[in-house]
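First the structure, which I've put down as structure tokens, then a few questions once you've had a look.
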Amino acid sequence: MKKLVLIDGNSIAYRAFYALPLLHNEKGVYTNAVYGFTTMLLKVLEEEKPTHLLVAFDAGKTTFRHDTYEAYKSGRQKTPSELSEQFPLIRELLDVFQIAHTEVDHYEADDIIGTLSKRAEEEGWQVHIYSGDKDLLQLVSEKTKVILTKKGITTVETYDEQTVMDKYGITPAQIPDMKGLMGDASDNIPGVPGIGEKTALKLLKEYPTVEEVLASIDQISGKKMKERLKEHREQALMSKKLAIISRETPMDVTLDGLKREPYDPKAVTDLLKELDFRSLLKQFDEDETGEENLEEVTFETVKEVTEEMLMSPSALVVEVPDDNYHDSDIWGIAVVNHRGKYYIPTDVALHSDVFKQWASDETKEKYIFDAKRAVVALGWKGVSLKGVTHDMLIASYLIDPSASSHSAADIALRKNKKIVQTDEFIYGKGAKRVRPSEEVLGEHLVRKGVALFTLKDSLEEELQKNQQDKLFQKLEMPLSLILGKMEITGIRVDPAQLNKMGEELQKTLSDLEEEIYELAGTTFNINSPKQLGSILFEKLNLPVIKKTKTGYSTSADVLEKLSDRHEIIPKLLHYRQVMKLQSTYIEGLLKVIHPKTKKIHTMFNQAITQTGRLSSTEPNLQNIPIRLEEGRKIRQAFTPSEPDWYILAADYSQIELRVLAHIAEDDKLIQAFQDNMDIHTKTAMDVFGVEKEEVTSNMRRSAKAVNFGIIYGISDYGLSQSLGITRKEAEQFINKYLDSYPKVKEYMDTIKEEARQKGYVTTLLHRRRYLPEITSKNFNRRSFAERTAMNTPIQGTAADIIKQAMVDVNDALIEKNLKSRLLLQVHDELIFEVPEEELEEMITLVPSVMEKTIQLKVPLQVDVAYGKTWYDAK
DNA sequence: CAGGGCACGC
DNA sequence: GACGTACGTGCCCTGT
């Protein structure tokens, strides 16, 4: 059977435009509507497999409906230029896909669709119509279904006759009658004032058409209603007429002309490339062309490594397939250089003195993707890797931290080189991930090597262009080796201590559980927000403060507002907190103690955050509890790995606000830090205009919240939440702050302007973050981008500073031949383990290095503490 | 197995 | 009026 799919082009493009962020390609052409349209189109092609297909567009401004009603669609916001400029691209896209599209003067897309669906039905075809406009529902019939976009563009709802009946209680043919009565604000169709959807549907159930409703006015109950209908009878009839979709639109199109035709995949990929639709390109490539269009590569599988193979420079691929690279398998190794392309099976490499000698030779230059992964994996096997001069992962991250992927395959694709497939394509994903045959593996690794070797110069050029070469070479590259060393060193955790705490927490947990069931009058899963919500808000009838997408919110801030309303609430809050300690910190940490070393080896991700901070995984050692005493005790389990050593913690005091003082060049702030004042008290003095002695604890608390907001990108709403005040009050508060520190205000304005001009903001060491949404028409998106513009230079510069400090401290430890080891970095603090005899020296050395690492207009201040456990280093 | 809700850190 | 405090990761639950 023939199947015709009709797409309402304007409606879908419009939906896509508002559903997606304002994307643009490299040339700055906006593409979000095209992107959304394309994803939908590909989905339709794949899922519907239509034999015939057409995309209908609206034509021009006036339609035959304007002859009936001049004000039709008036008052509508003009289509934004960001959207209208995308329509030619959509047409171009349809052309390369060989998909028919049309528009007809004086008619709307609806009318084209109505006409063609009627003709197709008459031929006995099946018809599917895609739109975001409910008007189209009038076309639903036995043969025709209408698919409406629900939220965004990806979720849709299919309507047949039954669904329309279920939803509205009327037949599709009655939709125009409904519109006749209720009108349609978006098209400026008046309908009958005072009649909305509910009333319209009620009337139509009794009298099936507008005409019959009007003929029966006398029998309709309600004096007001009668009057309204009488008064607006002509308007109702006209409104209905406007809502009826034409089924006889004059046009040249024939059904046969809508037949799907094969298209040229090359033309499609070229256009997708031009639009920068990488994810679609990838999907399309895999679907349509497989791997055959990769450039050829020939390589040698090495049985014995020789010195000639290992030139300098070489690209080196060390394939560590597990997410967690500690003590992990290595599937294979590839070396690519000017002399040749080599796949070296792991055993061959690791048993070869020639290879190991070369790997550890600092003077032999290597280009690697994710050097830390290779260094750590090899390190566990006793193989040293030195001389890495280019890490492509880090380079890509510095060039654009927001890139959706920094994998070799994607970087290559971005540079328009089809050299290598993604790991996912070769290995599969999730549970289906397997080691491929030796031939496939060898070729894949060699391809990665080729990508590295050919793309390295281009990436370094970009870094240079962005003035990021120093950041790359002198900071991030050395840092990755330091991080690798920290990860291998690991931190000792005492399982006995954790187990003991775990038992106590378990007792607390079962007591709380019992009390909660008692108070709830029933047992239920406390960990399920859904079940908890129904207990609190339905069974116990507590007031609903906030809702989530899926139901009632039971988050801590909601529960805190309810804490006086029911005894169960404080128990729940405590339960949640203890549960967190037990599952994430006790059980979680016990699980990741390495069986051989008895230590915990985290992995620092150096290429993920948008601000330049590090992150830590498996486990995350950057979020070990500290605020509440019950959780803070977890830190007692973190101990030095050698007897008689100490844990030493050194943290920057108020580094972000110092950075702000520096960047904004605010004299008052700079002076405050030079005088070593309590900065929150100082802020309170300036904002409230009082003397130091007059600052109340409440004033200081408010000032602290404002400072916090400044650091994290302030919004009046956010501040109002954290202080429990109204948005208006919060806004006044912020304004008072900015009045007190005019240079800070100036900075905030300048940096936003800079972001608008350049499209990105930078940190002290030229780290970069792109903010395309800074010019968005959407208030929320734009505001978010503005806050990010203000915040990223502050947080990012703080990240620059501590990273530089790590490099400097590492140098100092080596230079002074100290045994002390750097273990962790937690954003503004460094954690060491230190032998007793080095304590005294470290207590002076570490702060002094950290404070001198980068000179700002304000002094940096570092506080040190030490103890027998991490808990005691306070 | 992905996405949502929640909670921990700075 | 806009419903969003920044940046992360991990655990549990739920629905496909």
Side-chain angles (χ1 to χ4, degrees), chain A residues 401-402 429-432 524-533 546-559 572-589 591-592 602-605 608-628 630-632 634-635 651-652 654-656 705-723 727-728 730 734 769 773 776-796 798-799 802 824-829:
Chain A
S402 73
K429 69 166 170 182
K432 289 191 284 260
F524 63 101
N525 187 344
I526 308 173
N527 292 321
S528 160
K530 196 178 162 192
Q531 293 183 34
L532 179 61
K546 197 164 77 180
K547 287 203 153 199
T548 65
K549 280 181 211 164
T550 51
Y552 312 110
S553 169
T554 65
S555 60
D557 60 316
V558 168
L559 295 187
L572 286 169
L573 283 164
H574 193 201
Y575 177 91
R576 280 252 177 91
Q577 184 201 323
V578 176
M579 189 65 195
K580 176 77 180 173
L581 294 177
Q582 184 74 306
S583 63
T584 303
Y585 296 106
I586 301 290
E587 289 167 8
L589 289 176
K591 253 185 271 180
V592 292
T602 185
M603 293 182 292
F604 289 105
N605 195 332
I608 191 96
T609 72
Q610 301 305 298
T611 54
R613 278 186 172 184
L614 301 173
S615 76
S616 152
T617 55
E618 287 187 69
N620 181 353
L621 292 181
Q622 292 182 319
N623 71 346
I624 303 301
I626 189 163
R627 289 180 186 182
L628 300 168
E630 200 173 10
R632 189 174 198 157
I634 300 281
R635 294 179 175 227
D651 69 289
Y652 281 110
Q654 303 295 353
I655 186 161
E656 282 99 348
V706 175
N707 280 332
F708 197 59
I710 295 282
I711 293 168
Y712 288 150
I714 196 151
S715 78
D716 46 12
Y717 174 82
L719 185 65
S720 73
Q721 288 295 301
S722 70
L723 283 177
R727 230 185 57 212
K728 260 266 165 289
I734 294 166
R769 183 174 187 179
E773 299 208 309
S776 171
K777 294 264 185 299
N778 179 308
F779 174 87
N780 283 324
R781 295 215 172 107
R782 189 177 64 248
S783 304
F784 184 50
E786 287 173 354
R787 296 206 301 277
T788 310
M790 298 184 273
N791 157 255
T792 296
I794 301 173
Q795 199 180 115
I802 190 153
L824 298 175
Q825 186 251 46
V826 192
H827 307 309
D828 65 356
E829 65 174 333

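These numbers come from the heavy atoms of this one structure, side chains and all, not from hydrogens, waters or symmetry mates. Labels below follow one simple rule: chain letters A, B, ... track the order of the sequence lines, proteins then strands, and each chain is numbered from 1. Fair warning: this is a prediction, and the values are worked out from it, not measured in the lab.
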*Identify, residue by residue, the members of residues 614-624 of chain A with a heavy atom below 4.0 Å from DNA chain C, and return them in order of residue number, or none.*
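Going residue by residue through residues 614-624 of chain A, the ones with a heavy atom under 4.0 Å of DNA chain C turn out to be A:S615, A:S616, A:T617, A:E618, A:N620, A:N623.
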
*Of all the choices, C:dA2, C:dC13, B:dC10, which nucleotide is nearest to the side chain of A:S528 once you look at every atom?*
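Closest of the options to the side chain of A:S528: C:dC13.
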
*Nucleotide B:dC1, atom P - distance to NZ of A:K432 in whole Å*: 7 Å

*Which heavy atom of A:H827 sits nearest a heavy atom of A:Q825, and at what distance?*
N-OE1, 2.9 Å

*Atom pair distance, as rounded to whole Å: CE in A:M603 and P in C:dG8*: 17 Å

*Could you tell me whether A:Q531 contacts a base, only the sugar-phosphate backbone, or nothing, with contacts defined as non-hydrogen atoms closer than 4.0 Å?*
sugar-phosphate

*asked:* Just the rounded figure in Å: distance from P of C:dG10 to CG of A:L589.
replied: 11 Å

*Output the single nucleotide from C:dG8, B:dG5, C:dA2 whose closest atom is nearest the side chain of A:T550.*
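Shortest atom-to-atom distance from the side chain points to B:dG5.
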
*Secondary structure of DNA chain C in dot-bracket form (Watson-Crick or G-U wobble, distances below 3.5 Å, | marking inter-strand pairs)*: ......|||||||||.

*Within the side chain of A:E773, is there an N or O that forms a donor-acceptor pair under 3.5 Å with the backbone of A:A785?*
no

_Just to verify, which of A:T584, A:T602, A:I624 counts as forming a side-chain contact (heavy atoms from CB on, under 4.5 Å) with A:P619?_
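Testing each of A:T584, A:T602, A:I624 against A:P619, the sole residue satisfying side-chain contact (heavy atoms from CB on, under 4.5 Å) is A:T602.
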
*Nearest to the side chain of A:I608, which nucleotide is it out of C:dT9, B:dA7, C:dC7?*
C:dT9

*Side-chain N,O (A:R627) to OP1/OP2 (B:dC10) below 4.0 Å*: yes

*Of all the nucleotides listed (B:dC6, B:dC10, C:dT5), which has the minimum atom distance to the side chain of A:I626?*
B:dC10

*asked:* For A:S776 and A:N778, which I'm curious about, is there any donor-acceptor pair between the side chains at under 3.5 Å?
replied: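 No donor-acceptor contact under 3.5 Å links the two side chains.
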
*Look up atom CG in A:L572 and atom CG in A:L532, then write down how far apart they are to the nearest 0.5 Å.*
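Here the interatomic distance stands at 5.5 Å.
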
*Expressed as a whole number of Å, how far does the P atom of C:dT5 sit from that of B:dG4?*
16 Å

*With heavy atoms under 4.0 Å as the rule, sort A:S553 into base, sugar-phosphate or nothing.*
sugar-phosphate

*Looking only at heavy atoms, what is the nearest atom pair of A:L719 and A:A730, with distance?*
CD2-O, 3.8 Å

*If you measure only the distance, is there a donor-acceptor pair under 3.5 Å linking the side chains of A:E656 and A:Q795?*
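Checked: A:E656/A:Q795 side chains show no N/O donor-acceptor pair below 3.5 Å.
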
*Where the side chain of A:K530 is defined as all heavy atoms beyond and including C-beta, which of C:dG15, B:dA7, C:dC7 is the nearest nucleotide?*
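Closest nucleotide to the A:K530 side chain: C:dG15.
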
*Whole angstrom value for the distance that separates P of C:dC7 from CG of A:N605*: 16 Å

*asked:* How many whole angstroms separate atom NZ of A:K549 from atom C1' of B:dC6?
replied: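 The answer, rounded to whole Å, is 14 Å.
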
*Want to settle it: does A:R782 or A:R787 sit nearer the 5' end of DNA chain C, counting the closest nucleotide to each?*
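Nearest nucleotide further toward 5': that of A:R782.
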
*asked:* Between A:E829 and A:Y652 (side chain of the first, backbone of the second, donor and acceptor by atom type, cut-off under 3.5 Å), is there such a pair?
replied: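 Pair absent, no side-chain N/O of A:E829 close to backbone of A:Y652.
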
*Which part of the nucleic acid, if any, lies within reach of A:N527 when heavy atoms closer than 4.0 Å are counted: base, sugar-phosphate only, or nothing?*
sugar-phosphate

_Determine whether a donor-acceptor pair (N or O, by modelled atom type, separation under 3.5 Å) exists between the side chain of A:N791 and the backbone of A:I711._
yes

_Nearest whole Å is fine: how far is C:dC13 C1' from A:M579 CE?_
11 Å

*Hey, which sits more toward the 5' end of DNA chain C by its nearest nucleotide, A:K580 or A:G709?*
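It is A:G709, whose closest nucleotide lies nearer the 5' terminus.
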
*asked:* Under 4.0 Å, counting only non-hydrogen atoms across every strand here, what does A:R576 touch: a base, just sugar-phosphate, or nothing?
replied: sugar-phosphate

*Strictly by modelled atom types, are A:S553 and A:T548 linked by a side-chain donor-acceptor pair under 3.5 Å?*
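The answer is no; no qualifying pair exists.
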
*Could you check whether A:R632 gets within reach of a base, just the sugar-phosphate, or nothing at all, counting any heavy atom under 4.0 Å?*
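A:R632: no heavy atom of the nucleic acid under 4.0 Å.
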
*Per the atom types in the model, does the base of B:dC10 pair as donor or acceptor with the side chain of A:R613 at under 3.5 Å?*
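Result: at least one qualifying N/O pair found.
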
*With respect to the side chain of A:Q577, which nucleotide from C:dT5, B:dC8, B:dC6 is positioned closest?*
B:dC8

*asked:* Please report the distance, rounded to the nearest Å, between CD in A:Q795 and C1' in B:dG9.
replied: 12 Å

*Taking A:T617 for its side chain and A:N620 for its backbone only, find out whether a donor-acceptor pair lies under 3.5 Å.*
no

*With distance as the sole criterion, is a donor-acceptor pair present between the side chains of A:T792 and A:R769 under 3.5 Å?*
yes

*Considering only side-chain heavy atoms of A:Y585, which listed nucleotide, C:dC3, B:dG9, B:dC8, is closest?*
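Closest nucleotide to the A:Y585 side chain: B:dC8.
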
*Respond yes when some side-chain nitrogen or oxygen of A:N791 is under 4.0 Å from OP1 or OP2 of C:dC7, and no when none is.*
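Checking C:dC7 against A:N791, no side-chain N or O comes under 4.0 Å of OP1 or OP2.
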
_Nearest-Å distance for atom pair CD1/C1', residues A:I711 and B:dC10_ = 10 Å

_Nearest to the side chain of A:S583, heavy atoms from C-beta on, is which of B:dC8, B:dC10, C:dC12?_
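Nearest to the side chain of A:S583 among the choices is C:dC12.
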
*What is the nucleic acid contact for A:T554, judged by heavy atoms within less than 4.0 Å: base, sugar-phosphate only, or nothing?*
sugar-phosphate

